[in-house]
Protein chains: 2
Amino acid sequence: MSNRKSSPKKKQRVTINDVARAAGVSNATVSRVLSEYEFVKESTRNRVMEAVERLGYVPNLQARSLASGHSQIIGLLVPNLDNSYIGTITQGIDQELAHSNYDVMLYTSHRHPGKESYYVDAFANGLTEGLLLIAPLVPAAYLDTLRAQNIPYILIDQADAAESSNVVEATNWQGAYEATRYLCELGHTRIAFITGWLGVQSAIDRLEGYKAALTDGAIPIREELVIQGDYQQQTGYEITQKLLQSVDPPPTAIFASNDLSAFGAMDAAREAGLAIPDDLSILGFDDIPQASFVYPKLTTVRQPLELMGQVAVKMLLEQIEDRSLPPQRVALATQLVIRDSCRRIDPTE
Amino acid sequence: MSNRKSSPKKKQRVTINDVARAAGVSNATVSRVLSEYEFVKESTRNRVMEAVERLGYVPNLQARSLASGHSQIIGLLVPNLDNSYIGTITQGIDQELAHSNYDVMLYTSHRHPGKESYYVDAFANGLTEGLLLIAPLVPAAYLDTLRAQNIPYILIDQADAAESSNVVEATNWQGAYEATRYLCELGHTRIAFITGWLGVQSAIDRLEGYKAALTDGAIPIREELVIQGDYQQQTGYEITQKLLQSVDPPPTAIFASNDLSAFGAMDAAREAGLAIPDDLSILGFDDIPQASFVYPKLTTVRQPLELMGQVAVKMLLEQIEDRSLPPQRVALATQLVIRDSCRRIDPTE
DNA sequence: GCGTTTTTTGCAAGCGCTTACAATAGCGAT
DNA sequence: ATCGCTATTGTAAGCGCTTGCAAAAAACGC
């Protein structure tokens with residue numbers, strides 16, 4: 001404390017100029033070496049690299065992006081992170097991004113609508129070059145902002161009614177349709193459906209797929225068997241409890257709009273003393289990692305979550321490259337994964 | 001395409017100078033208004049704010065941080081995101097951060113050791129002002145880098161052997177000890193233990209707690225009942241399968257080092273035809289949301305995951321404020337949450 | 001009304017890096 | 001040796017914002 005002069009408080013960051021001086025070149029040359037500019041003499045390049053190495057120089061990202069206009073950062077807006085659904089998509093995103101030199105800025109909206117648009121405003125400050133929105137609430141308001149600012153963005157697993165966004169989703173309708181048909185073919189006629197949170201298009205599509213399949217199977221749609229859920233395990237549990245008590249005759253199968261809800265349904269069924277699949281068949285949607293570890297292993301509709309993340313990144317990077325690209329929509333194929341939670345039902349039952 | 005002159009390709013970003021001009025002041029004044037500098041005349045402030053509003057001005061973050069030296073960004077390094085353990089901690093982090101004006105940069109290491117240190121190098125470029133490391137692999141190498149660069153960082157749920165880091169963890173030893181004692185008190189003497197990934201301290205602490213409790217309960221530690229796992233559900237499943245086949249007499253209880261492993265154990269047990277808790281008691285660690293939704297509800301040791309995230313953020317922000325603060329270690333209390341997966345065992349069995 | 005203070009502003013110098021544009025160097029051809 | 005090119009490097013003007021310093025205004029004291 002006595003002589004503060006002797007302790008230089010300055011953060012002695014190594015800058016490009018230090019490197020330039022050390023290598024006996026101008027900072028422009030250092031910059032060129034670092035950005036792999038082609039016309040740099042071999043010997044100069046080596047000299048610079050040696051200096052970089054020796055001084056432990058690391059470029060300052062903000063300076064770089066201020067000067068170049070590119071931040072090499074993309075934003076990722078997620079509703080929350082406490083389930084593996086989002087996590088798996090993120091895994092795919094991250095994986096794809098690993099090949100590029102983009103970093104990701106994470107924003108979570110905790111399903112608080114107000115916050116999402118707040119964040120999107122924040123994105124507009126130019127920090128991020130593009131945006132990945134996983135199952136966003138899409139109150140249109142902020143998509144307008146995004147478009148106005150001409151910021152590339154991709155909607156993952158949530159179509160935009162306006163049709164003017166880039167979206168990566170799964171074939172939700174078909175997935176639900178096939179799954180329901182499967183249940184029909186197994187002999188089920190009383191098939192309950194736990195919807196997802198109907199604020200998102202994917203949930204609606206799944207519901208429609210379910211209905212269409214019943215109709216095609218000449219099974220009347222009974223409204224008391226279609227219950228509105230919200231993709232949460234707890235809700236699936238509660239709904240199923242109620243369902244099993246109040247509907248008579250009870251359903252012989254429950255198709256849940258996502259695996260988490262299906263897990264909830266399994267728990268409720270077991271608690272009610274029903275064996276799965278003997279007394280009740282259960283079918284999920286997503287195929288998160290857990291689906292194959294629960295007992296019995298869950299039959300479910302696989303969404304290629306990781307792939308969705310990867311594809312979204314690819315699309316986003318393309319859009320960043322060329323802002324004039326027209327909006328694309330990609331629907332990746334779902335696939336029915338038959339495991340142990342559904343069984344053929346005897347028509348006489 | 002014909003006359004490209006008419007289309008100004010320039011990204012017409014609104015800058016602080018535009019606002020200054022519009023409000024008839026200098027950019028310095030605008031900057032002061034925006035940073036809530038106290039000595040600005042009320043009328044000027046209003047004029048500026050009005051201009052900001054009207055032009056839809058949003059400050060450029062990189063310019064701001066280049067000039068000020070503060071990026072207001074913290075880095076978050078996670079091993080992966082596909083389980084709710086990390087997600088829940090992140091939730092806490094995010095929640096606490098919402099009160100501040102920091103954003104978070106996300107890095108995932110996918111448990112690939114090489115990558116972690118790669119990232120940490122990247123952090124050194126000054127983009128982030130501090131780092132939160134969730135259950136990192138800690139190959140010491142990059143902690144050295146961090147310390148050398150004097151970048152504040154907090155280790156979450158992973159102590160640093162060197163004792164010189166800030167860490168937020170749970171009372172792992174005590175948690176495991178209490179849980180094991182509980183099992184003993186229930187009459188169990190053949191208690192198997194599925195360890196976590198022993199590369200992290202927390203896993204070791206839990207193992208030690210388990211051993212200590214057995215010793216205190218005068219129960220000999222049988223090595224064949226202690227199996228090395230890695231915190232994954234699948235591994236828990238496989239281990240339990242083997243355990244049930246090969247050990248004779250079989251354990252009457254299994255204590256898994258985390259809930260995921262416990263879920264795996266439950267599945268394996270059920271598959272082997274054992275009822276839980278009647279034929280086998282199972283106890284977990286973490287208390288992730290799912291723990292109370294599986295059937296039977298899992299008895300487990302709660303780690304205050306969200307709180308850990310929040311505390312970590314608080315500590316980090318303090319460290320950023322004042323770099324000279326000495327390293328702190330906080331161990332948050334765990335708590336045994338008794339639910340339905342363990343039962344008292346008849347001594348005559 | 002004048003010298004002092006205290007507020008409010010503007011000026012201008014960067015922050016560390018990129019990138020036209022210009023200058024220099026190197027080289028074979030003439 | 002000179003010219004014409006091309007390869008290589010340097011110069012310098014920013015990118016958009018913050019901030020120390022100083023000037024200008026307003027407020028105060030007598």
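In what follows, every chain begins at residue 1, and chains take the letters A, B, ... in the order their sequences are listed.
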With nearest nucleotides of DNA chain C determined for A:Asn17 and B:Val40 from heavy-atom distances, which residue corresponds to the more 5′ nucleotide?
->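 Mapping each residue to its closest nucleotide by heavy atoms, the 5'-most match is B:Val40.
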Between B:Tyr57 and A:Arg47, who's closer to the 5' end of DNA chain D by nearest nucleotide?
->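 Upstream on the strand: A:Arg47.
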Give one of base, sugar-phosphate or nothing for [X], where a contact means two heavy atoms less than 4.0 Å apart.
X       : result
A:Ser31 : base
B:Thr44 : sugar-phosphate
B:Val25 : sugar-phosphate

Determine: side-chain N/O of B:Arg64 to OP1/OP2 of D:dT18, distance under 4.0 Å, yes or no.
->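 Affirmative; the distance criterion is met.
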Just to confirm, is there a sub-4.0 Å distance from OP1 or OP2 of D:dG10 to any side-chain nitrogen or oxygen of A:Thr29?
->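 Yes.
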C:dG10 base to B:Arg21 side chain: any donor-acceptor pair below 3.5 Å?
->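 For B:Arg21, whose side chain was compared with the base of C:dG10, there is no donor-acceptor pair (under 3.5 Å).
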Compute the bend angle of the helix from C:dG1-D:dC30 to C:dT30-D:dA1 from the end axes (five pairs per end), rounded to 10°.
->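 Comparing the axis at each end, I get an angle of 40°.
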Step by step, would you call B:Ser65 with A:Gln62 a side chain to side chain donor-acceptor pair (under 3.5 Å)?
-> CA-CA 7 Å; B:Ser65 62; A:Gln62 24 253 323; 2.8 Å; yes
Given atom CG of A:Asn27 and atom P of D:dT9, what is their separation to the nearest angstrom?
->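 A:Asn27 atom CG is separated from D:dT9 atom P by 14 Å.
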Figure out the CD/P separation between A:Glu38 and D:dA7, and round it to whole Å.
->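 Atom CD in A:Glu38 sits about 8 Å away from atom P in D:dA7.
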Side-chain ion pair, B:Lys314 and B:Glu318, N-O less than 4.0 Å =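 Salt bridge absent between B:Lys314 and B:Glu318.
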